[in-house]
Trainee: 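Would you mind keeping the following structure in view while I ask a few things?
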2 protein chains.
Amino acid sequence: MTMDRRVLVPIERPFVTVDLVILTVRNDRLEVLLVRRPATTGEPYPGLWALPGGFIDVGQDATLEDCARRKLREKTGVESPYLEQLGSYGSASRDPRGWSVTQVYFALIPDEGIALRPGGNADTAAWWSIPEGSTNLGMDLAFDHAALLTAALERLRSKVEYTSLPAFLLPREFTLPELQRAYEIVLGREVEKSAFRRRVLDAEVIRKIPKKTRLTERRPAQLYRLKDEANLKTFARAFGQGKRGG
Amino acid sequence: MTMDRRVLVPIERPFVTVDLVILTVRNDRLEVLLVRRPATTGEPYPGLWALPGGFIDVGQDATLEDCARRKLREKTGVESPYLEQLGSYGSASRDPRGWSVTQVYFALIPDEGIALRPGGNADTAAWWSIPEGSTNLGMDLAFDHAALLTAALERLRSKVEYTSLPAFLLPREFTLPELQRAYEIVLGREVEKSAFRRRVLDAEVIRKIPKKTRLTERRPAQLYRLKDEANLKTFARAFGQGKRGG
DNA sequence: TCAATAGTGTCTCTTAGACACTATCGT
DNA sequence: ACGATAGTGTCTAAGAGACACTATTGA
């Protein structure tokens, strides 16, 4: 940032928030975590569902990302998710209380041992299922959150074409068929088994672990784990868009 | 955004700015526009070079992007550049004056008829040449602007692999050899002519116009124009990383 | 006719899709 | 043995790199 004015603070400041699009795979579906806005009168959009988020706590949060991590932890207990900044949205009109800017992050977490924690406001948190291939929930959300959700889903889908992102939606140990299914759920289309396995294996983003699934109905499957859970890997080549040629 | 607190405004607000990474191709080089910070004591980083930017004017700017466009216009006179949000950077420490968040945009503009306008502070604006293949200027910038510039260059390079972005660095009418050269300047490596032309032409992002270059030394070249100047097009397939296989 | 740049044709190698095939489990 | 899912081999087609080739200008 730079200051082009001589006066320092008298300029009115927009207010700043952080919102989260928290996604997971549950019940063979992509799901997003929403919270219900308090019904208190005076609050904007009372009773509507919204993305979890809130103000930056300048005393507590050292950085924007810290703030996002804190909010994620408060809601889900998850400590180290895949977290990525989606972008920021600011305008005079998006919040009836005044000029506001929100920093949107999206998080991918596995659906294992997550205990949703109601916020301090006794608001309820719940998972909402996203229809296959859709980029919205087909219902109104508070503020511009429906647009933010759509942007997050589009970003996820486009990155999935050339990254290992869906692995973050699964437990630490997973099989290739499970990973393939996660890709299919996110993309909203079927993926060819042989090409999928070649691609994922050739990219060397996952590591075989000396274990197989047991207690399964039929043939057990090899278990894998992300090689580097901290970092997202990019594939050398992208998925195609289905059929080749034309 | 959502409010999880009952209290409304007593929470301290970070201050919010918009910064711009304005890039063009000049002198067969990628160049970035910087402004010199005022030498006034009391101002942070006096005399250092910085990205152009400043506070949001909540009275004047309807949205974040409007604010970015206004600042670009004020500095360069350019009205409709390629403009994309890079991301936001916020922390307690990036500005000595307090918790701040900046929204970084990057703009690609053609080097034609641009008259740099000094800011109201009598600060000077100048183009700085980015060394081929480098992601920084090799000198200190104010605030965290060196990091912001690096992020912008990395984003540009990665998007160039699969989009028509470099066309926005050229005048409206350009030849394929010129476009190829723009790709090479951005990527910092040579690009194979035949494959390049096939790819760009097959992607149908540019349109032949019924004119050729004249007054040129040797054989004239066909002129082209972006088909849709407003929208960025994505190629079906990415550039490779140079030699194949290996 | 030559130098120089614009633009094309074609060979090869790699890889994604398709799909049939084999492998390994519980019952 | 059989059903079901896990996992592999192989054929084909298309795109990218490489590079030699042709085309069109000014001098």
Side-chain angles (χ1 to χ4, degrees), chain A residues 28 160-164 170 173-184 187 189-225 234-246, chain B residues 28 160-164 170 173-184 187 189-224 233-246:
Chain A
D28 208 45
V160 158
E161 302 285 351
Y162 57 95
T163 62
S164 54
L170 299 175
E173 303 185 347
F174 52 83
T175 68
L176 280 181
E178 282 163 359
L179 183 60
Q180 182 181 344
R181 184 65 197 133
Y183 272 84
E184 292 175 339
L187 290 172
R189 69 162 197 261
E190 293 200 339
V191 162
E192 208 281 325
K193 182 172 58 167
S194 170
F196 174 81
R197 298 173 71 98
R198 231 181 346 194
R199 219 173 79 90
V200 171
L201 260 12
D202 287 357
E204 304 195 328
V205 292
I206 60 177
R207 200 181 70 237
K208 196 183 288 196
I209 61 175
K211 229 194 305 185
K212 298 203 177 206
T213 50
R214 285 279 154 196
L215 332 164
T216 178
E217 321 80 49
R218 309 299 170 194
R219 175 175 177 180
Q222 176 65 52
L223 282 165
Y224 291 84
R225 194 180 278 210
T234 295
F235 294 148
R237 288 200 137 61
F239 272 119
Q241 308 305 316
K243 273 203 185 293
R244 260 216 166 190
Chain B
D28 210 46
V160 158
E161 303 283 352
Y162 58 95
T163 63
S164 54
L170 299 175
E173 304 184 347
F174 52 83
T175 68
L176 279 181
E178 283 164 359
L179 184 59
Q180 181 181 345
R181 185 64 197 133
Y183 271 85
E184 291 175 341
L187 291 172
R189 69 160 197 262
E190 293 199 341
V191 162
E192 208 280 326
K193 182 171 55 166
S194 170
F196 174 80
R197 299 173 70 96
R198 231 180 345 195
R199 219 174 78 90
V200 171
L201 260 13
D202 287 357
E204 304 195 327
V205 293
I206 61 178
R207 199 180 72 234
K208 196 184 288 194
I209 62 175
K211 228 193 309 185
K212 298 203 175 205
T213 50
R214 284 279 153 193
L215 331 162
T216 176
E217 321 80 49
R218 307 299 172 195
R219 173 175 178 180
Q222 176 64 50
L223 283 165
Y224 291 84
K233 289 282 171 46
T234 295
F235 293 147
R237 291 202 134 59
F239 273 117
Q241 309 305 317
K243 271 202 187 293
R244 257 195 161 216

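Since we're looking at a predicted model, the values are computed, not measured. The basis for the numbers below is simple: all heavy atoms, side chains too, and nothing from hydrogens, waters or symmetry mates. Naming: A, B, ... by sequence-line order, numbering from 1 per chain.
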Trainee: Calculate, to the nearest 0.5 Å, the distance between atoms CD and CD belonging to B/E184 and B/Q180 respectively.
Mentor: 4.5 Å

Trainee: Round to a whole Å and report the spacing from OH of A/Y162 to P of C/dA16.
Mentor: 16 Å

Trainee: Just by distance, do the side chain of A/Q222 and the backbone of A/K208 share a donor-acceptor pair under 3.5 Å?
Mentor: no

Trainee: Check the distance between D/dG17's P and B/Y183's OH and give it to me in whole angstrom.
Mentor: 13 Å

Trainee: Evaluate the side chain to side chain contact (heavy atoms under 4.5 Å, CB included) criterion for residues A/Y224 and A/L170: first the C-alpha distance (whole Å), next the side-chain angles of each, then the deciding distance (0.1 Å), finally the verdict.
Mentor: CA-CA 11 Å; A/Y224 291 84; A/L170 299 175; over 6 Å; no

Trainee: Separation of B/F196 atom CZ from D/dG15 atom P, in whole Å?
Mentor: 18 Å

Trainee: Let me have a per-nucleotide readout for nucleotides 6-11 of chain C, 5' to 3', with B, S or -, counting only protein heavy atoms under 4.0 Å.
Mentor: BBBBB-

Trainee: Can you measure B/R199 atom CZ to D/dA14 atom P for me and round it to whole angstrom units?
Mentor: 19 Å

Trainee: What's the separation between atom CG in B/L201 and atom CG in B/L176, rounded to the nearest 0.5 Å?
Mentor: 6.0 Å

Trainee: For the pair made of CD in A/Q180 and P in D/dA6, what is the distance, rounded to whole Å?
Mentor: 9 Å

Trainee: Please state how far atom CZ in A/R218 lies from atom C1' in D/dA1, giving the value in whole angstrom units.
Mentor: 13 Å

Trainee: For A/E173, look at atom CD and say whether over 12 heavy atoms of other residues, nucleotides or ligands are found less than 6.0 Å away.
Mentor: yes

Trainee: Are the charged groups of A/E178 and A/R181 less than 4.0 angstrom apart, N to O?
Mentor: no

